[in-house]
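First comes the structure, then the notes that go with it.
In what follows, chains are A, B, ... by sequence order, proteins preceding strands, each numbered from 1. All heavy atoms count here, side chains included; hydrogens, waters and symmetry mates do not.
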Protein chains: 2
Amino acid sequence: MDEETTVEALTRLGLTTYEARVFVALQRLGTGTASDVAEITAVPRSQVYGAAEDLQARGLLDVQQTRPTVYRPVSPEEAERRLLSQLESVGRDAFGYLADVRGSVENDEERSEAIWTIRGRANVRDRVIDLIDGADDRIVYGTPRPELLEDEVLAVLTEAADAGVDAAVVSDEPSVLESVPADGPVRVVPQPADRQPEVSTARVLLVDSDTLLMSVVSAAVGDDDQEVAFWSAGTAFATVLVTLSEELIELDR
Amino acid sequence: MDEETTVEALTRLGLTTYEARVFVALQRLGTGTASDVAEITAVPRSQVYGAAEDLQARGLLDVQQTRPTVYRPVSPEEAERRLLSQLESVGRDAFGYLADVRGSVENDEERSEAIWTIRGRANVRDRVIDLIDGADDRIVYGTPRPELLEDEVLAVLTEAADAGVDAAVVSDEPSVLESVPADGPVRVVPQPADRQPEVSTARVLLVDSDTLLMSVVSAAVGDDDQEVAFWSAGTAFATVLVTLSEELIELDR
DNA sequence: TCGTGCTGTTAGTATATCGGTCACAACAGA
DNA sequence: TCTGTTGTGACCGATATACTAACAGCACGA
C-alpha cells in the first residue's frame, strides 16, 4: 500500500482528495503548517486551509491558532475509529429505515421458481452463510478446494451442527476434509477421486430438502478468478436439484 | 428518517444516488424488475440496469437471469454488515499504511507550547477521552451541564480511577454530581453555586499537573450550540493553566 | 520606514463524474 | 406480422471538485 492508494482509500471513506492528501501529509509531518503540507504533497498551499478546516470538523485534526496556523492530526487509530463510527451511525439510521419499509409495496407478481445468481467470492460466501443459518434439518457442503471452505463457513456449519442439524462436508480432496476438526460435530464424507460431480464446480451447498447453492470459478474474467454462484430455496427447482445432487454424492449417513 | 434522507445516507456510504434509490426501491418491493423499480422511484428505467449491476458487485443484491431480469436485495441487516465491512477493510489498509509512515518526515521546527483547538461537541468529547486515557496521577473533570458528562467520559473516568488514578468530578450543579455513582471509584466534589470559574465554561479537564482542556459553548453559530475547546499538554502553558484552574476549584482531597 | 516574503482568503477556471434523456435493436406474446 | 417491453449504448448538461491566480494583511529585516 503506497500513499496514492491510501489517499484513494480515504476518499472512499468520504474525504475529498485534498482532505486525504493533507491528512496523510500531516501524519508524515507530525505537525505542520499549510506551507509544510503543500511542500510534501500535491495540494496547492491555498487549498490546504479549506481542507484542514473540513478535517477539523470531522475531528481528524486539531488546530493551533497561531500565525502561521499549525495543524496536528489525531493518531491513525483514532482517525480510523472516528471515521468508521461516523459512517456506522449514518448506516444505522439508513438501514433502520429500510427495515421499516421492507416489502411495503405489494408485488402482485408471484415470482416463484426463482433462481438467483451472485458474483464475487465474498458475496457467494456470505450467501452460503445465510443459507446455512436457515437450516432446520441437514446441510451438505461440498468443495474440491480447501480455500473455499472458509473459516466463517466452517464456523456456522459447526454452530448449526451443535444446534442439532446434521451437517456434513463432502470432498474428494483430503486437505478439505482435514480442515474439519475430527472431534467436532460436523461430519466429513470422503468421495472417490474419480467421481467429480461437475467438472468445474467450486462449491455445492444443500440445505434441508429444498435449498441449493452451486458455484463455479471462471478464470477468464480479469486477473483473478471470478466466482459465480446460483441458488434457489423453497422452489420446485431447488427440490429437484437437491435430489439430483444427492444422487451424485455418496452420502452414507 | 424518510426515503430521501436514507438515500443520502447510503450515498455517504459510497453508493451513487441511483444505486441508493434502486436499493431502497427493491427493499420496498421485495423483488422486482427494472421497470418495477423505475415505477416507484426517480430512476430512469434504462439506468436501473447499470445501478443494479454495481449493487450486485457489492453483494447487495442477487439477480435472477430471466427475461425480464429480476432483482432481489439482501436484507437491510445483511446489507449494513457488508457495506460497513467493506469500508472497514478499506480503512484497515489505509490506516495501517498511515501508522507506518507516521512522523517519517523530519520536522526541525520544535513546536513547543502548543495550544490546540477543537470544534464540535463529539470531537471535544473524543479528545477529552483521549486525554483522560493518558492520565498517570489524577484527573479533575468539571462541568455545569449534566449533558456534558457523557456516558463515555464517565466510563473512562471510572476505568482510570479503577487503575489507581485519583479521579474527581466537580460541579456546582447537583444533577451533574448525582450522575456519578456514589459507590464508584470516581470522587465527586461539589462547588459553591456562586463560584463560577468562567461564565460560559462548558467543561474543564485537568490531567496530572501538565494537561488541561477547557471548552465553551457558543450559541451564536447556526441552529445548534457549537462547542469549542482548547487543550494543551506537556507545555509550560498547560502547567500554569492547571495551577490556575486548581485555585479556582475547591479541591478538598 | 520601506521593502520583501510569507500567510490566509477569495475569485475564478477546467474537468470529470454522475444524474438525466433519447434512440434503437432484440425479444416475447398476441 | 405487429406491438409493447426489455436491455444497451450514445449523448447531454449540471454540479462538485481539482487546480490556478491574484491580493490584502502581517512579520521581519535592511
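For the pair B:E53 CD and D:dG9 C1', the computed distance is 13 Å after rounding to whole Å. In this structure, B:L10 places its CG atom 16 Å from P of C:dC18, rounding to the nearest Å. Rounded to whole Å, the distance from CD on B:E19 to C1' on C:dG20 is 15 Å. Here the C1' atom of nucleotide C:dC22 and the CD atom of B:Q47 are 11 Å apart, to the nearest Å. Taking atom CG of B:D36 as the reference point, atom P of D:dT6 lies 8 Å away to the nearest angstrom. We find that OH of A:Y49 is positioned 17 Å from C1' of D:dC19, with the value rounded to whole Å.
Residue A:R12 places its CZ atom among 12 or fewer non-hydrogen atoms of other residues, nucleotides or ligands, all under 6.0 Å distant. Atom CD of B:E4 is surrounded by 12 or fewer heavy atoms from other residues, nucleotides or ligands within 6.0 Å.
When heavy atoms are screened at a 4.0 angstrom cut-off, B:T69 is found touching the sugar-phosphate backbone but no base atom.
To the nearest 0.5 Å, atoms CD (B:Q64) and CZ (B:R72) are separated by 10.5 Å. In this structure, OG1 on B:T6 lies 12.5 Å from CZ on B:R21, to the nearest 0.5 angstrom.
A residue-by-residue look at A:Y18 and A:R45 shows that A:Y18 has its nearest nucleotide of DNA chain D further toward the 5' end. Take the nearest nucleotide of DNA chain D for A:S46 and for A:L15: the residue whose nucleotide is more 5' is A:L15.
When the C1' atoms of four end pairs are superposed on the next four at each end of the helix from C:dT1-D:dA30 to C:dA30-D:dT1, using five pairs per end, the two resulting axes differ in direction by 0°, to 10°.
Among the candidates B:R203, B:R127, B:R145, the single residue satisfying the salt bridge (charged side-chain N to carboxylate O under 4.0 Å, His left out) test with B:E227 is B:R203.
Counting only heavy atoms from C-beta on, A:T17 has its side chain closest to D:dA18 among D:dT20, C:dG19, D:dA18.
Between A:R21 and D:dC19, a side-chain N or O to OP1/OP2 separation shorter than 4.0 Å is present.
Nearest heavy-atom pair across B:T143 and B:A202 is OG1-O, 2.6 Å.
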Polar-atom pairs under 3.5 Å, protein N or O versus N or O of nucleotides 25-30 of chain C: list them with distances, or write none.
none

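Remark: B:R81 does not engage B:E77 in a salt bridge, criterion side-chain N to carboxylate O under 4.0 Å.
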Would A:D36 and A:T33 count as a side-chain hydrogen bond (donor to acceptor under 3.5 Å, both in side chains) if you check the C-alpha gap in whole Å, the side-chain angles of each, and the deciding distance to 0.1 Å?
-> CA-CA 5 Å; A:D36 295 338; A:T33 67; 3.3 Å; yes
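Counting only distance, with no hydrogens or angles, the side chain of B:T11 and the backbone of B:T17 share no donor-acceptor pair below 3.5 Å.
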